[in-house]
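Computed from a prediction, not measured in an experiment: that's the story for all the values here. Any value given below was found using the heavy atoms of this structure, including those in side chains, with hydrogens, waters and symmetry copies removed.
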Amino acid sequence: LKAAKLDPSKANPFALLGIWFEDQGDLKRAEGCFRKSLRLDPCNPIAGRGMLRLFDREHLQDVMEAAIESNAGLNGWAWRAIGLNKSFLDGEDDLAAVALLKGLRCRDIALPDSESLGLFYHVPNAPLSVNEKSAALADVATCYRRLGRFTASIRAFHASIDSAGDSIPSAVLTSCAQIELELGLFDDAAEKFDRVLRREESSEDSVASYGHAAALFSMAERDLMDGKAGSAFENVQRAIESCLQSIKFGCQFKLLGDLYSLGASFPPNVFAEDEDDVTESMHHVIRRQIGFVSKGEGAFRRFLETQTFTGLGEEERLAIRSSISCDIAANVLLQAQILPSLRGSVEYDSRNNISSEVDGLYERAADTYRMAIEENPIHAASWCGFGCAVLNKDPLLAQHSFCRCLQLEQMHPDAYANLGFLYTSRFAFDASRSTMEALTQVADTPMMWINCAFMLERQTAKRLGDVESKVDEDISRAADAYRASLQVMRHPEAQLGLSLTCQIRSTEGKNIGERNRKDAFSLMKEYMGASLNKRKVASAFEGVMCMEKGLQAEPNASWRSCIVEDGDYLINKALANEENTTCLNMKSLQKIKDQMRSEAHVEEQKSTTPMPTGERLQKQILLEPNRADLWLVMAKEAIAKDGVELALESVLRASFMMTEELTSQQLHPSAIVDASMISEAISLSVWLTKLTMRDGENEKGNSEDLTPFNLQRALLMDPGNTIARKCLYYN
């Protein structure tokens, strides 16, 4: 007050006096002081902000226009206020963004701490508000978002978050996360929603919990397509927990139902409590999966019970109800599709047939789809789902439903895929092919490629007696179709199909056949792991592949007998299942198993034949001079008879031959070459070289330098090599 009286031409004293009156509650005098200050300095940042606190922005247009006419660099407050008016009052977000960016270039917003009176840009005793620069950046980001410039919006939001640090408002974090969710940046969106939820008090809890669950749901779908079932299921569980934290809106019940329904896409083993539960209690695992999926039906029904649909017209209300009814029917249909997996479980034989339970679920799904269609006859998804529900009992009605769905929505990929599978199952290949060609214009789905492979396989089966080259060509094309499907999604059916087609092609040339055999085995293992032996028929093929792999291994390989026994167990398991009699030739399967078992027994007898000694060993070396294992045995015999020089020569030859076999394809492979034998030969060569030296003679040349290297190489091949360890210690 004294400063204002001493020099009435200064604007700052009046502005500070206005803050004092505002703090005391005398708003009329505060207004007078602020206006006096602005008459002296139209862009005064203290007085301008004071007026914005006392009045709405739309009533201060003349004050703001007077402020922006000055180039003092302290009128950021005015530019920001004009930008907010342009955005919220006029709807001109492009002009609003320009004004806000001009405000961000002014010192009172960009660098308030560098100003001598920057402390008074806000009421000192008021609660600490958000950083003004951060708020302005968030305003710019909001304008960009409404303009559809999402990349620029994200950059502005990130700048706002960096500027504010931990004091960033929850609303800004939520808005940024929502844009990231729209752009597919699910991990970043989930992290920001999680930051909001971790705060003790936040008005954004419901929005953040829904957004967090939606981001995790999208992450789960992405991981599931990449074959990461464990990571996907963990994200689903986290999403469910986030939804259950705060359920206030119907959309949260809808999302919760979708999360539970996604459980049908997972391999059953993710629902097992431990490894024993997977291998011995398949019945309980499948039941647990069905129980998980059925919770989605309850969530959808809860949505219908809690929603009053106030403020909506009759058409909108029916559209929503029919959409949720369709979701309920889809969930029941998923349960019906999972339930047949119980066939073949350990507990199944002692229980009643589940066919009636499966039929009941299909009928309930069809009835619910009918209700959805009655409420909204133009809902395309309901027609597609109804076709799936009645496909087994009435294929003609299913065809009509799929076609009706495509009439209503020509870009519906599921309807095309289901219609194509229906035509393929009825050997209408031309119709199926044209349907798949139409689907290629809609979406790149794994079902499209799987159906193409099915058509090629069925065509091949019809002309097995024709020219063989044509059959091989169709099988090769089917394998390519399965590979294309796996590039889109790691679908179990594509894994099984590619495994079997590769097995068929394993009889081709040596290199190609071996590669196909390896691919067939690995894909079958992946399929069986993902499907938890849903199909007991597949275990028979897996057993045959295991036994073939064991027969091709070296007779002395430690894992050879184990993998042969595994294959024998899987085939016996398939033979013991009575349901497989309808789709497997049991006699042929038993014959194949017995034949491979006898071959394995012969190879085992050969591998257990004792190595020759003495004169027999020398004769055997004359007959097979390229067998490194024989030279190693000779070296050991020479050591036992104190023939050091002969032992050294033999072991050096054995070491050289075994090492060369690993890198050269010109040499004939010996009967046995493994890491432990090479390690033993190298360490013996070093030890015998030491023994052949005269007392007191120093090693010359490169032998002194190579000795530690060779011993370390021997230990890397066989860490249990005691000779190498002692030589390295005394060296």
Engineer: Compare all side-chain heavy atoms of Q618 with those of M634 and state whether any distance is below 4.5 angstrom.
Structural biologist: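 SC-SC contact between Q618 and M634 confirmed.
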Engineer: Indicate yes or no: at least one non-hydrogen side-chain atom of D519 is less than 4.5 angstrom from one of L498.
Structural biologist: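 Counting from C-beta outward, D519 and L498 never come under 4.5 Å.
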Engineer: Would you call M545 and S499 a side-chain contact if the rule is heavy atoms closer than 4.5 Å?
Structural biologist: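 Yes. Closest side-chain heavy atoms under 4.5 Å.
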Engineer: So I639 and L684, do their side chains get closer than 4.5 Å, heavy atoms only?
Structural biologist: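 The answer is yes, as the side chains (C-beta and beyond) meet within the 4.5 Å cut-off.
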Engineer: Tell me whether the NZ or CZ atom of R458 lies within the 45° cone about the ring axis of F427 and under 6.0 Å from its centre.
Structural biologist: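 R458 over F427 ring: yes.
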Engineer: Check the side chains of Q441 and Y416 for a donor-acceptor pair under 3.5 angstrom, ignoring hydrogens and angles.
Structural biologist: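 Side chains of Y416 and Q441: no pair found under 3.5 Å.
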Engineer: Given side chain to side chain contact (heavy atoms under 4.5 Å, CB included), test E457 with Y482 step by step and report yes or no.
Structural biologist: CA-CA 11 Å; E457 289 175 347; Y482 284 127; 2.9 Å; yes
Engineer: On the 0 to 90° scale, with breaks at 30° and 60°, tag the F292-F233 ring pair as parallel, tilted or perpendicular.
Structural biologist: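 Rings of F292 and F233: tilted, as their planes differ by 30° to 60°.
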Engineer: Does the distance from a Lys or Arg side-chain N to an Asp or Glu carboxylate O, for D187 and R222, drop under 4.0 Å?
Structural biologist: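 Salt bridge: yes.
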Engineer: Between S265 and L262, is there a side-chain heavy-atom distance shorter than 4.5 Å?
Structural biologist: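 Yes; the side chains approach each other to less than 4.5 Å.
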Engineer: Assess, by modelled atom type and distance only, whether the side chains of T424 and S432 contain a donor and an acceptor separated by less than 3.5 Å.
Structural biologist: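 S432 and T424 do have a side-chain donor-acceptor pair below 3.5 Å.
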Engineer: To the nearest 0.5 Å, how far apart are OH in Y527 and CG in L500?
Structural biologist: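 These two atoms lie 9.0 Å from each other.
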Engineer: Within the side chain of D226, is there an N or O that forms a donor-acceptor pair under 3.5 Å with the backbone of K228?
Structural biologist: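 Not confirmed, D226 side chain does not pair with K228 backbone.
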Engineer: Taking atom CZ of F454 and atom OG of S425, what is their separation to the nearest 0.5 Å?
Structural biologist: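 The CZ atom of F454 sits 10.5 Å away from the OG atom of S425.
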Engineer: Return the minimal non-hydrogen interatomic distance between V293 and A264, and the atom names on each side.
Structural biologist: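 Smallest heavy-atom distance, with atoms named: CG2-N, 3.5 Å.
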Engineer: To check you understand the geometry: which heavy-atom pair defines the closest contact between F266 and A229, and what is its length?
Structural biologist: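 That closest heavy-atom pairing would be CE2-O, 3.6 Å.
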Engineer: Is any side-chain heavy atom of L216 closer than 4.5 Å to a side-chain heavy atom of V236?
Structural biologist: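 No, their side chains stay 4.5 Å or more apart.
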Engineer: Ignoring hydrogens, what is the shortest heavy-atom contact between A417 and M447? Give both atom names and the distance.
Structural biologist: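 Between these two residues, the closest heavy atoms are CB-CB, 3.8 Å.
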Engineer: Just by distance, do the side chain of W687 and the backbone of K726 share a donor-acceptor pair under 3.5 Å?
Structural biologist: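 Not at all, since once roles are kept as given, no pair shorter than 3.5 Å links the two residues.
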Engineer: So L456 and I475, do their side chains get closer than 4.5 Å, heavy atoms only?
Structural biologist: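 No, their side chains stay 4.5 Å or more apart.
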Engineer: Could you give the distance from CZ (F709) to CG (L711), rounded to the nearest 0.5 Å?
Structural biologist: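 Between atom CZ of F709 and atom CG of L711 there are 10.5 Å.
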Engineer: Output, in order, the C-alpha distance, side-chain angles, deciding distance and verdict of side chain to side chain contact (heavy atoms under 4.5 Å, CB included) for Q712 and L715.
Structural biologist: CA-CA 5 Å; Q712 290 171 359; L715 285 173; 5.7 Å; no
Engineer: For Q503, is there any backbone N or O sitting under 3.5 Å from a side-chain donor or acceptor partner on N516?
Structural biologist: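 Pair absent, no side-chain N/O of N516 close to backbone of Q503.
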Engineer: Determine, stepwise, if the pair V488 / T445 fulfils side chain to side chain contact (heavy atoms under 4.5 Å, CB included).
Structural biologist: CA-CA 7 Å; V488 180; T445 70; 5.7 Å; no
Engineer: Taking atom CD as the centre, does E649 end up with more than 12 heavy-atom neighbours from other residues, nucleotides or ligands that are less than 6.0 angstrom away?
Structural biologist: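 Check fails, neighbour count at 12 or below.
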Engineer: Using a 3.5 Å distance criterion without hydrogens, assess whether the side chain of S655 forms a donor-acceptor pair with backbone atoms of V651.
Structural biologist: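 Side chain of S655 to backbone of V651: no pair is present.
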Engineer: I need the minimum non-hydrogen distance between A479 and T501, along with the two atoms involved.
Structural biologist: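 The pair with the smallest heavy-atom distance is CB-OG1, 3.6 Å.
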Engineer: Looking at every non-hydrogen atom in both residues, tell me the closest pair between N721 and S683 and how far apart they are.
Structural biologist: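 It is ND2-OG, 3.2 Å.
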Engineer: Just checking, is any N or O donor in the side chain of D444 or W449 under 3.5 Å from an acceptor N or O on the other one?
Structural biologist: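 Indeed, the side chains of D444 and W449 share at least one donor-acceptor pair under 3.5 Å.
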Engineer: Under 6.0 Å between the ring centres of F186 and F217?
Structural biologist: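 Centroid separation for F186 and F217: 6.0 Å or greater.
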Engineer: Ignoring hydrogens and angles, tell me if any N or O in the side chain of Q289 forms a donor-acceptor pair with the backbone of G263 under 3.5 Å.
Structural biologist: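 Present.
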Engineer: Do the non-hydrogen side-chain atoms of M219 and E234 ever get within less than 4.5 Å of each other?
Structural biologist: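 No - every pair of side-chain heavy atoms lies 4.5 Å or more apart.
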Engineer: Ion pair present between R483 and D480, side-chain N to carboxylate O less than 4.0 angstrom?
Structural biologist: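 Yes, R483 and D480 are salt-bridged.
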Engineer: Under 3.5 Å, side chain of S650 to main-chain N/O of A647, donor-acceptor pair present?
Structural biologist: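 A pair under 3.5 Å: no.
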Engineer: Is the shortest side-chain N to carboxylate O distance from K636 to E680 below 4.0 Å?
Structural biologist: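 A salt bridge links K636 with E680.
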